[in-house]
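FYI, the numbering just counts along the sequence from 1.
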Amino acid sequence: MKKTVLIIYSQLYDTSALALKEIFESDNNFDVVSVFDKQYDNFKLISLYNGMYKFTYRYTPTLNNIVINLPTAEVTRKKDSEGNDAPYKANSETFQRWRKFDNISMRFDADYVICATPYAVHKAVVAREKYNLKGKIFAMITDYDLQNNFVSHDVDGYFVITQKCKKALVDKGIDENIIYVVSMPLKQPAQIKRSKEDVRKQFNIRNELPIITMVGGRYGSKYLYSALESVSENKDYNFIVIDGGNSSIEKKFKKLGKKDGLSVSNNVYFVKSGNEMERAYYISDCVISAPTSAITYEVLLHKIPLLLIDSANNVETKNSKFLVAGGYAYSAINKERLTIALENYKKEMKEWKRHCEKKFKNNGAEQVLSCIKAIDRGDDPQECLVIKEVVEEEFVKDTNIKPVAPNTEATPESGQVIKKKRRWFGSK
């Protein structure tokens, strides 16, 4: 008998959720239902909430943390007279806002519920307890570090993409046995049968200069334009700018050419659709991007040097710190660092590729599917995961079982600790 998988996500964060939808639908053992925010929430309220989220995401990261946590405020439990957790009240007695969500949860009563946002995680837990639903609930965290409002002690498992995120969850009191480290779930890329020369012509690139693709993520238009302005006088590259339909970037750039003494490069090609990213990756020598987790993982999976522009909020800041400090990406947060990174990435290409190959080489959608199937069989999901992560623990041990920091090594004769140079590509 087929099991039902319910995937709950936001249109703001759909990449990995849609990848899971695709992989589960390809397996005959599951019926898949996927719903996004406008299908399970009041339209006016979700529009207002998303508007607040976008504004605070761009301009006030501290306030953004408060806005993110607003939808999960109902999760706080009350105690009864005996000190036990009191049951949740039905929606008719509390917030009408959650009725659609609960109706969907009750209608499908899925065997497995995978939640891609903090809001969905907490609401799924509330709905299960209110209506005695049977499904197991899993949270999917696709950032490189933990976003604290994902934490819930009532879920049945976490899918994370780094050991660092797992450790942060363990520090919050989550059982490490229900935290599964997988690669980033990504949709299968479309096969490109044309030659690189043909694809270059499709972008209207008629010269032989190397190509840099620039992408700002969902909220990175301000930082994308800033990066474009920094390279505007560079005539050694072609620049494909994927602006996601934001015409203001192109308009601002054209005004640059009117400034006195500024010679703007003509080798800039604006692309409105994000669907063109796969073709852009195919011909790119380098990518300049905001530290959005899905985009950066795609780029590193393609083994294209990654230069990170400034982050839009605290979550992206964590992503950027993880990638740059780990030696997976170059810092390009201002014109000076961007210039240095453009000079250095070619020199370090071979070493950089070997370094990234240890971590970025898998699509995690199949790993998530394997974990769910193992749980369905009653097996341990941890045993079906092949460990492909580089060591990210705070401490590792040498052969003498002596603690050694990750950037040091011990000599076997004396046990002396010698400091090793940290990888930090593109730093000054």
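Of the N and O atoms on the side chains of His355 and Glu348, not one donor lies less than 3.5 Å from an acceptor on the other residue. Residues Ser105 and Asp102 have side chains that never bring a donor and an acceptor to within less than 3.5 angstrom of each other. Asn319 and Asp145 are not linked by any side-chain donor-acceptor pair at a separation below 3.5 angstrom, with hydrogens and angles left out of the test. With 3.5 Å as the limit, one finds no donor-acceptor pair spanning the side chains of Tyr237 and Asp285.
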Show, in sequence, the C-alpha distance, side-chain angles and deciding distance for Tyr297 and Phe360, and conclude whether the ring pair (Phe, Tyr, Trp, His ring centres under 6.0 Å) test is met.
CA-CA 7 Å; Tyr297 197 99; Phe360 300 92; 5.1 Å; yes

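How far NZ of Lys164 is from NZ of Lys321: 8.0 Å, rounded to the nearest 0.5 Å. From Ser284, atom OG reaches atom CD1 of Ile211 across 6.0 Å, with rounding to the nearest 0.5 Å.
The residues Lys373 and Asp27 are annotated as salt-bridged, a charged nitrogen and a carboxylate oxygen being separated by less than 4.0 angstrom. Looking at Glu357 and Arg354, no side-chain N of the basic residue comes within less than 4.0 Å of a carboxylate O on the acidic one, giving no salt bridge. Ion pairing between a basic and an acidic side chain is recognised when a charged N comes within 4.0 Å of a carboxylate O; Asp111 and Lys134 show such pairing. In summary, Lys201 and Glu197 do not engage in a salt bridge, as defined by a charged side-chain N under 4.0 Å from a carboxylate O.
Formation of a donor-acceptor pair under 3.5 Å by the Gln367 side chain with backbone atoms of Ser183 is found in this model. Proximity of a side-chain donor or acceptor of Thr162 to a complementary backbone N or O of Cys165 within less than 3.5 Å is detected. A donor-acceptor pair under 3.5 Å is formed between the side chain of Asn363 and the backbone N or O of Leu186. Proximity of a side-chain donor or acceptor of Glu229 to a complementary backbone N or O of Phe253 within less than 3.5 Å is not detected. In this structure a side-chain-to-backbone donor-acceptor pair under 3.5 Å is present from Gln382 to Ile179. For Ser226 (side chain) and Tyr223 (main-chain N/O), no donor-acceptor pair under 3.5 Å exists by modelled atom type. Remark: the backbone N or O of Ile372 is not paired with any side-chain donor or acceptor of Arg377 at under 3.5 angstrom.
Heavy-atom minimum distance, Thr296 versus Pro291: CG2-CA, 3.9 Å. The minimum heavy-atom distance between Val121 and Ser152, with the atom names listed, is CG1-CB, 4.1 Å.
Cation-pi geometry between Arg337 and Tyr330 is not satisfied (NZ or CZ under 6.0 Å from the ring centre, within 45° of the ring normal).
Counting heavy atoms from C-beta outward, Thr292 and Glu316 have side chains that approach closer than 4.5 Å. Looking at heavy atoms from C-beta onward, Ile240 lies in side-chain contact with Ile205 at the 4.5 angstrom threshold.
For Phe138 and Tyr158, the distance between ring centers is not under 6.0 angstrom. Two rings, from Phe239 and Tyr269, have their centers 6.0 Å or more apart.
None of Ile174, Leu169, Ile141 except one satisfies the side-chain contact (heavy atoms from CB on, under 4.5 Å) rule with Phe150; the exception is Ile141.
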